[in-house]
Amino acid sequence: MSIGLIGGSGLETLFGDSGYKTLATPYGEIKYLETYIDETHVVFIPRHGPKHENPPHKVNYLGNMYALAKLGVDKIVATSAVGAVDESLHPGNLVLVDQFIDFTKRMITFYDEHVVHVDVSKPYCPNMNRVLFKVGRDLGITLRLGAIYVCTEGPRFETPAEINMFRMLGASIVGMTNVPEVVLAREAGFHYSLLAIVTNYAAGMQDRITQEEVVEIMGKASASVGNLLEKAVGELTGQSWDDDCIKFRDVFKKLILG
Ligand code: HPA
């Protein structure tokens with residue numbers, strides 16, 4: 001089995017910037033890198049494109065997921081830059097997400113023409129999260145296990161009033177891309193985990209937020225993120241754990257993937 005890695009903003013070059021292959025999908029062409037970590041086949045897709053050319057509302061979410069499924073991936077570890085909403089989180093912290101709240105206006109689904117309602121009671125794979133947490137602990141990398149990700153439409157950052165509202169709703173972190181990504185992962189029957197990298201305090205908790213600081217903090221975190229992923233992939237292969245994923249992958253194969 002293969003592992004898919006999705007690189008967030010600033011992590012486009014985690015596996016170098018050459019050797020990209022192209023896969024044509026019904027949703028457009030997707031650029032990806034293929035590599036092996038020990039014995040494990042790894043497919044890496046930079047979420048926003050190799051040169052960070054697609055803003056959050058124009059990411060090819062459908063194409064990225066379709067390509068990973070076509071290339072034989074069944075487990076995905078995604079990485080994303082996020083702002084801290086929870087005051088106990090700080091720039092540089094790494095977080096494994098377990099729930100999301102959707103504040104986007106996106107209507108992106110594989111099941112536009114079919115009536116398929118996937119269960120998202122556990123949108124992120126609890127077993128993968130546990131493995132990542134344990135591998136991180138063994139490496140001396142501090143990770144928080146469990147966080148609520150609120151997804152905004154972007155591409156602007158949020159207002160302090162919005163962030164106060166999100167905090168009242170229980171959100172821990174804020175980002176612009178995990179919906180629909182996590183939902184499409186579920187629709188396509190992947191085991192999916194999100195490693196979020198806190199790059200800034202959310203709006204109102206620091207003076208202003210810049211894209212430059214997001215990329216700079218992601219760059220600083222890339223060594224430990226790369227290290228963690230490298231050690232984790234071998235631990236993540238093996239059996240599938242979740243019957244729902246197997247069921248959803250069957251439906252996806254029948255209706256979408258062919
Ligand atoms: N808000 C939304 N998305 C983000 C942020 C933020 O503060 N930081 C990094 N991605």
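As the structure lists them, so they are numbered: ligands from 1, and atoms in each ligand from 1.
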Is there a donor-acceptor pair under 3.5 Å between the side chain of [X] and the backbone N or O of [Y]?
| X | Y | value |
| --- | --- | --- |
| H48 | N54 | yes |
| Y111 | E187 | yes |
| E230 | V225 | no |
| T79 | G8 | yes |

[atom] - nearest protein heavy atom and its distance:
| atom | value |
| --- | --- |
| atom 7 (O) of ligand 1 | N200 ND2, 2.9 Å |
| atom 1 (N) of ligand 1 | E158 OE1, 2.8 Å |
| atom 5 (C) of ligand 1 | G83 N, 3.5 Å |
| atom 10 (N) of ligand 1 | A81 O, 3.4 Å |
| atom 3 (N) of ligand 1 | G175 CA, 3.5 Å |

**Study point:** ligand 1 versus T199: contacting region, heavy-atom distance under 4.0 Å
**Key:** side chain
Check your understanding: Testing E158, M165, E162, E153 for side chain to side chain contact (heavy atoms under 4.5 Å, CB included) with F103, which one passes?
Key -> M165
